[in-house]
J.: 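Below is the structure I would like to discuss, written out as structure tokens.
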Amino acid sequence: MAENKQKKAKPIRLVFLGPPGSGKGTYAQRIAPRLKITHIAAGEVLREEISAGTELGKRASGYVSKGQLVPDGVVISAIQVRLEKALKETRGFLLDGFPRNMEQALQLEKATAIDVVINLDVPESVIVERLSARRQCEKCEKIYNIKFLKPKKEGICDVCGGKLFQRKDDTPEVIKQRLKIYEEQTAPLIDFYKAKGLLQTVTCTQVDIPPEIMVKEILGVLEKLKII
Ligand code: AMP
């Protein structure tokens with residue numbers, strides 16, 4: 001009997017780059033399940049460790065609440081574990097919020113190849129307006145916005161019925177600090193990935209653009225590059 005040689009689908013390895021509030025998490029939550037890849041949100045990983053009170057969470061907590069980057073050693077090991085799991089158990093990964101500086105980018109290079117870096121280019125005025133109205137489900141982590149992406153029932157998640165909360169670092173003071181850190185430490189990665197031929201920029205200047213429109217645009221880029 002002829003051996004049933006099923007061709008293994010090629011992995012999909014994506015990175016979303018962009019300032020806080022650019023929509024990385026919102027789009028990743030919609031794209032990752034469609035591509036059957038694992039969404040790895042660095043901030044989410046850290047928040048989970050913090051609320052579980054783990055050693056890692058204790059080390060990260062002060063930095064997150066001030067809007068500063070958690071030391072590389074702490075973040076990189078946590079991400080590496082999830083990367084390996086994603087590649088083993090699913091078709092690949094969508095990294096959101098990692099890498100956030102040059103050292104993390106170099107470590108990521110050592111850990112895995114990546115197929116494309118989607119750079120979400122969004123003006124600061126849009127970011128500030130979005131972040132102050134952002135809410136998130138405490139159970140399933142789905143992201144909402146009380147002005148532009150409202151849940152059907154106020155304060156309640158459409159998907160799982162969980163309660164929505166406002167992140168402690170979505171306050172004007174901390175938002176300012178996070179944007180400063182983005183400019184100083186993360187934005188240089190745009191040129192780093194451009195030089196490697198991996199960067200694709202998607203621009204969004206409209207504060208209330210429906211996520212599905214941006215999702216379609218990003219999927220279009222991936223199709224054009226024959227990544228999906
Ligand atoms: P985010 O949910 O991506 O906005 O991240 C929330 C916070 O988690 C950031 O302001 C940082 O304090 C921390 N954080 C997230 N990702 C990283 C990272 N790659 N390196 C260091 N700290 C991070």
Side-chain angles (χ1 to χ4, degrees), residues 14-29 31-32 38-52 54-83 86 93-112 114 117-120 122 124 126-138 140-145 149 164-190 192-193:
L14 313 176
V15 171
F16 276 11
L17 197 63
S22 55
K24 299 186 296 296
T26 303
Y27 310 143
Q29 285 180 348
I31 289 174
T38 308
H39 174 200
I40 306 174
E44 217 52 75
V45 167
L46 295 169
R47 279 186 291 279
E48 276 165 20
E49 297 277 352
I50 293 169
S51 49
T54 63
E55 263 323 296
L56 195 154
K58 281 180 199 149
R59 290 175 67 192
S61 166
Y63 297 96
V64 174
S65 61
K66 289 194 206 88
Q68 291 165 354
L69 291 192
V70 172
D72 291 336
V74 178
V75 184
I76 290 167
S77 52
I79 295 294
Q80 263 167 352
V81 174
R82 283 160 177 91
L83 273 179
F93 57 80
L94 194 173
L95 272 174
D96 147 18
F98 186 95
R100 254 176 155 104
N101 61 24
M102 198 53 82
E103 175 58 22
Q104 294 179 9
L106 295 174
Q107 292 300 328
L108 178 61
E109 249 187 344
K110 284 190 196 160
T112 176
I114 48 182
V117 175
I118 300 285
N119 172 39
L120 295 167
V122 180
E124 191 170 318
V126 168
I127 285 167
V128 174
E129 210 178 336
R130 273 193 191 155
L131 284 181
S132 43
R134 173 160 72 179
R135 298 290 184 274
Q136 193 161 6
C137 173
E138 63 180 14
C140 78
E141 292 159 9
K142 189 167 160 78
I143 300 165
Y144 294 87
N145 185 296
L149 192 58
L164 304 188
F165 74 102
Q166 180 169 32
R167 276 172 48 175
K168 284 202 193 91
D169 58 348
D170 278 347
T171 57
E173 264 311 292
V174 185
I175 290 171
K176 227 168 105 191
Q177 171 69 5
R178 287 160 60 207
L179 287 172
K180 185 167 167 266
I181 292 204
Y182 170 79
E183 282 307 325
E184 288 170 0
Q185 301 200 40
T186 312
L189 297 182
I190 294 174
F192 174 77
Y193 285 121

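Order of listing sets the numbers, starting from 1, for every ligand and every atom in it. In this text, all values refer to a predicted model and were calculated from it rather than measured experimentally.
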J.: Measuring from Gln107:CD to Phe98:CZ, what's the distance to the nearest 0.5 Å?
T.: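 Those atoms lie 8.0 Å apart.
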J.: Give the atom numbers and elements of ligand 1 that come within less than 4.0 Å of a heavy atom of Leu69.
T.: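 Those atoms are 21 (C), 22 (N).
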J.: Give the numbers and elements of all ligand 1 atoms closer than 4.0 Å to a heavy atom of Leu46.
T.: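 Going through ligand 1 atom by atom, the ones under 4.0 Å from Leu46 are 8 (O), 13 (C), 14 (N), 15 (C), 23 (C).
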J.: Write out the residue and atom name of the closest protein heavy atom to atom 22 (N) of ligand 1, then the distance separating them to 0.1 Å.
T.: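 For this ligand atom, the closest protein heavy atom is Val70 N, 3.0 Å.
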J.: What residue and atom, counting heavy atoms only, is the protein's closest point to atom 15 (C) of ligand 1, and at what distance?
T.: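 I find the closest protein heavy atom is Arg100 NH1, 3.2 Å.
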J.: Give the atoms of ligand 1, by number and element, whose distance to some non-hydrogen atom of Ala42 is under 4.0 Å.
T.: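 Near Ala42, the atoms of ligand 1 are 16 (N).
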J.: Just jot down the ligand 1 atoms closer than 4.0 angstrom to any heavy atom of Gln68, in number order.
T.: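 Near Gln68, meaning under 4.0 Å from one of its heavy atoms, ligand 1 has 11 (C), 12 (O).
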J.: Drop me the distance from Leu131's CG to Glu124's CD, to the nearest 0.5 angstrom.
T.: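 Atom-to-atom, Leu131:CG and Glu124:CD are 10.0 Å apart.
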J.: Any side-chain heavy-atom pair from Thr26 and Asn145 closer than 4.5 angstrom?
T.: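 No. Closest side-chain heavy atoms not under 4.5 Å.
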J.: Of all the atoms in ligand 1, which lie at a distance below 4.0 Å from a heavy atom belonging to Val75?
T.: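 So the answer, numbered in order with elements, is 18 (C), 19 (N), 20 (N), 21 (C).
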J.: Name the residue from Arg59, Glu49, Glu48 that meets the side chain to side chain donor-acceptor pair (under 3.5 Å) definition with Thr54.
T.: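 Running side chain to side chain donor-acceptor pair (under 3.5 Å) over Arg59, Glu49, Glu48 with Thr54 returns exactly one hit, Glu49.
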J.: If you count the atoms of ligand 1 from 1 in the order shown, which ones are under 4.0 Å from a heavy atom of Arg47?
T.: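 Once the distances to Arg47 are compared, the set is 2 (O), 6 (C).
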J.: Which heavy atom of Arg134 sits nearest to which heavy atom of Gln166, and what is that distance?
T.: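 Looks like O-CG, 4.1 Å.
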J.: Can you confirm whether Ile118 sits close enough to Leu14 that some side-chain heavy atom of one is under 4.5 Å from a side-chain heavy atom of the other?
T.: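 Answer no - side chains too far apart.
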J.: Where on Asp169 is there a heavy atom closer than 4.0 Å to ligand 1, on the side chain, on the backbone, on both, or on neither?
T.: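 For Asp169, only side-chain atoms sit under 4.0 Å from ligand 1.
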J.: With atoms numbered from 1 as shown, which atoms in ligand 1 lie under 4.0 angstrom from a non-hydrogen atom of Phe98?
T.: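 Listed by number with element, the hits are 19 (N).
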J.: Going by the closest heavy atom to atom 20 (N) of ligand 1, which one wins out of Glu103, Lys168, Gln104?
T.: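 The option holding the nearest heavy atom is Gln104.
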J.: On a heavy-atom basis, which atom in Ile181 and which in Gly67 lie closest, and how many Å separate them?
T.: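 Heavy-atom minimum between the residues: CD1-O, 3.6 Å.
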J.: Would you say the side-chain atoms of Ser61 pair up with the backbone N or O of Ile50, donor to acceptor, closer than 3.5 Å?
T.: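 Checking the backbone N and O of Ile50 against the side chain of Ser61, no donor-acceptor pair under 3.5 Å is found.
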J.: Regarding ligand 1, does Gly97 bring an N or O atom to under 3.5 Å of one of the ligand's N or O atoms?
T.: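 Yes, since at least one N or O of Gly97 sits under 3.5 Å from an N or O of ligand 1.
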J.: How long is the straight-line distance from CZ of Arg130 back to CD1 of Ile143, given to the nearest 0.5 Å?
T.: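 Ile143 CD1 to Arg130 CZ: 11.0 Å, rounded to 0.5 Å.
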J.: Would you call Arg167 a ligand 1 contact, heavy-atom distance under 4.0 Å?
T.: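 Within the 4.0 Å threshold, so yes.
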J.: For Lys24, state whether at least one heavy atom is located under 4.0 Å from any atom of ligand 1.
T.: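 False for this residue.
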